[in-house]
Every structure is written in structure tokens, then in C-alpha cells.
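Just so it is clear, the structure is predicted and the values come from calculations on it, not from any experiment.
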Amino acid sequence: MKEIAITEIENLKIGCAQDPEAATGCTVILCERGAPAGVDVRGGGPASRESQLLQPTAAAEGIHAVLLSGGSAFGLGAADGVMRYLAGRGVGVDTGVRPVPLVCESCLFDLGVGSPDAHPDAEMAYAACLDAEKNAPREGNFGAGAGATVGKLGGPARMMKSGQGFYAVRLGELKVGAVAAVNALGDVFDPDSGRKLAGLLAPDKSAFADSEEALFADYSSKQNFFTGNTTLGCVVTNGKFGKTQMAKIAAMAQNGYARAIRPVHTTADGDSVYALSVGGVDADVNVVGTLAARVMARAVARAVLAAAPACGLPAARDFMP
């Protein structure tokens, strides 16, 4: 098995756009030829668009893009920009009238960082599509990671800056990659060593605290964490699969979240994973699902390691030896 750049996966382009001052942005994954896709949502507070297209009983055989966005539900309109970009290139389902692009979107809550009145819109998403033409996405405080944070059980004063990350591998002809925009309630760990990388800070901000212990401190308390979190991910493979199999791969990729984030999948998270099949390589769904969990866990770790301090918040690099 060999690590590769996610952009080495064929029939795929990734682009980002962001407003650094407002700390919000979006990341687009384009598959203009269409891709069978699935989704798995485990968090309790998702904000999504067109997710019903991915149900095995839905008529759509594939989609043309996934947009990961900041802005909470305000950001859901950003997908209009992706549709405009694709429609202008004749990409979409042939309806007999005009092509209709199929674009799925999920949003994370970044309104508490930067400007609460700013969110990705159609123009920003269109700019992300133009950036995808270069197919050179950046990790850290870019795209959907622009306003991402982690470790929020102690409130804004004790959380840390996060971002977006990518990781991909090649196994023979098979390629599997992951995109992660990490805006988790909990702490983030290196999936291989178990070392804590980012998360809840101690009250004096000189060291890490433990989010799980903070959660356990008063088990009877009905704490209001709101849905101000959400880790968004997308797995892409050149393995040949249908919608039902891609839904299973998306579900297995959620194991990557569990390996790298604690706690995870709470009612205050909208944790979602999309999975796209963009190639024709014969592969076993269990192999790809297991690889999907591995690359997702490492993409989550890279998201925090690549993040830079912003908006008065420290980042993982501030705590590295």
C-alpha cells in the first residue's frame, strides 16, 4: 500500500474558496461524469441538501458534485453556485429540456468564529469550482475548514482551531481517498499512536484537558451543547460500486471518525460522510470500506495538524514539541 495525493484519483477535481477574515468557506468535490454515491449521517444535527438522492430507492444513479460548506443552514444555498458552474458546462442529468446537475451539500456550524453574519454563498461556491480546475486543494484553514474548531465542551474560550485535511492510498490499481472538514465537539487523536493532537484546553490554556472526562463530570446534567459542531467527510474511490455499496462504504468510513475523534457522533454533532465511486476497478466492498476508515482517520488528523492559529484560537502546531 502506498500513500498518494488524493488528486491522483481519476475523474475527480477538488477546489476550495474561503473568506479568511470572516472564517468561513467551502470545498467542492467535482465528478462531472457522474458517480454512484452513498451517505451516512450519525450526528444529531446535520444540515444537508439533496441527501435523499443517495437513498438506494431514489431514481438517480449518480451525482455530479458534493459541496462541504461552513455557514450552518445558511450555507445550503451555496450549492446553487456549483449547479450554475456545472450547468454552464453541460453537466447534468438529461431531462430532455436541459441538463440538471445533481449536487449534494452538507454544512458545518462556524458562525461562532469570525463573523456570525458571513456564510458561503453561490458566488463563493462557484469560485471553489473554478479553483477545482487547478485540482490543487490546500489543507488547514481553507475551504470548509476556514472556520472549523474542535474541543468545545469548555466553550469558545477553551477550544482550538481546526481545518480540513486529505489522505489517500493506492493498493494495486485500487485508490481510496478521504476529505475531512473537522469541526468536532470532541478531541482529535493521532489514529496510529493515540497521541492527542487538538481539543479541549485546560482553563489556563497551557495544556490539554479531556473532553470525555468533562462530559462525564455531571452525567445527570442536561447540557445544551447545541448543534454547533459537525465533522464533514467524503470518501472517493476508483472502485466500481453501486449506490447501495457506496452507502455501506460511507458507513464503514465513519469508523475513521471514531478512531480519531472522542467523543464523536453526539446529538450536538452533525457528523456526515459521503462516498463516491468515480472509477471502474473491480474491488471488494469490505476492502474498500476498511481502507475508507483508515484514510478518513488520517484525513481527520491532518486537518488539525495543518491548521494555523486564527481568530485568537491556538492550533495543534502550538502544542507540538
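Using modelled atom types and a 3.5 Å distance limit, the side chains of E139 and Y167 yield no donor-acceptor pair. No side-chain donor-acceptor contact under 3.5 Å links T24 and Q18. For S206 and D204, the side-chain atoms include at least one donor-acceptor pair closer than 3.5 Å.
With side-chain heavy atoms closer than 4.5 Å counting as contact, directly or through intermediates, F142 stands alone and belongs to no larger hydrophobic cluster. Here V113 sits in one hydrophobic cluster together with M159, L313; the rule is ILVMFWY side chains under 4.5 Å apart, joined directly or through other members.
The closest donor-acceptor contact from the side chain of K161 to the backbone of A146 lies under 3.5 Å.
Cluster membership check: V236 does not share its hydrophobic cluster with V169, using side-chain heavy-atom separations under 4.5 Å among Ile, Leu, Val, Met, Phe, Trp and Tyr. Hydrophobic cluster membership differs between L68 and I261, with clusters built from Ile, Leu, Val, Met, Phe, Trp and Tyr side chains linked at under 4.5 angstrom. Transitive grouping of hydrophobic side chains (ILVMFWY, heavy atoms separated by less than 4.5 Å) brings I63 and V39 into a common cluster. A continuous path of hydrophobic side-chain contacts links L232 to L276 [ILVMFWY only; heavy atoms under 4.5 Å]. V235 and V278 fall into different hydrophobic clusters, where Ile, Leu, Val, Met, Phe, Trp and Tyr side chains are chained together by heavy-atom contacts under 4.5 Å.
Counting only residues at least two apart or on different chains, the side chain to side chain donor-acceptor pair (under 3.5 Å) pairs with a member in residues 44-67 are R49-D80. Applying the ring pair (Phe, Tyr, Trp, His ring centres under 6.0 Å) rule to pairs touching residues 253-281 yields nothing, sequence neighbours excluded. Applying the side chain to side chain donor-acceptor pair (under 3.5 Å) test to pairs two or more places apart or on separate chains, those with a residue in residues 234-253 are E10-N238.
Remark: L291 CG to I249 CD1 distance equals 9.5 Å, nearest 0.5 Å. How far CG of L153 is from CG of L201: 12.0 Å, rounded to the nearest 0.5 Å. Note: Q254 CD to T231 OG1 = 9.5 Å, rounded to the nearest 0.5 Å. In this structure, SG in C104 is found 10.5 Å from CG in L67, a value given to the nearest 0.5 Å.
For T95, the side-chain hydrogen bond (donor to acceptor under 3.5 Å, both in side chains) criterion is met by no residue, not counting sequence neighbours.
R84 forms a cation-pi arrangement with Y126, by the criterion of a distance under 6.0 Å to the ring centre and an angle within 45° of the ring axis. A cation-pi arrangement is present between R262 and F189, with the terminal nitrogen or guanidinium carbon under 6.0 Å from the aromatic centre and inside a 45° cone about the axis.
Taking a cutoff of 4.0 Å between a charged side-chain nitrogen and a carboxylate oxygen, K196 and D187 qualify as a salt bridge. In summary, D269 and R42 do not engage in a salt bridge, as defined by a charged side-chain N under 4.0 Å from a carboxylate O. One finds a salt bridge joining E3 and R302 here, because a Lys/Arg side-chain nitrogen approaches an Asp/Glu carboxylate oxygen to under 4.0 Å.
Exactly one of N183, V304, L185, N229 qualifies for a side-chain contact (heavy atoms from CB on, under 4.5 Å) with T149. That residue is N183.
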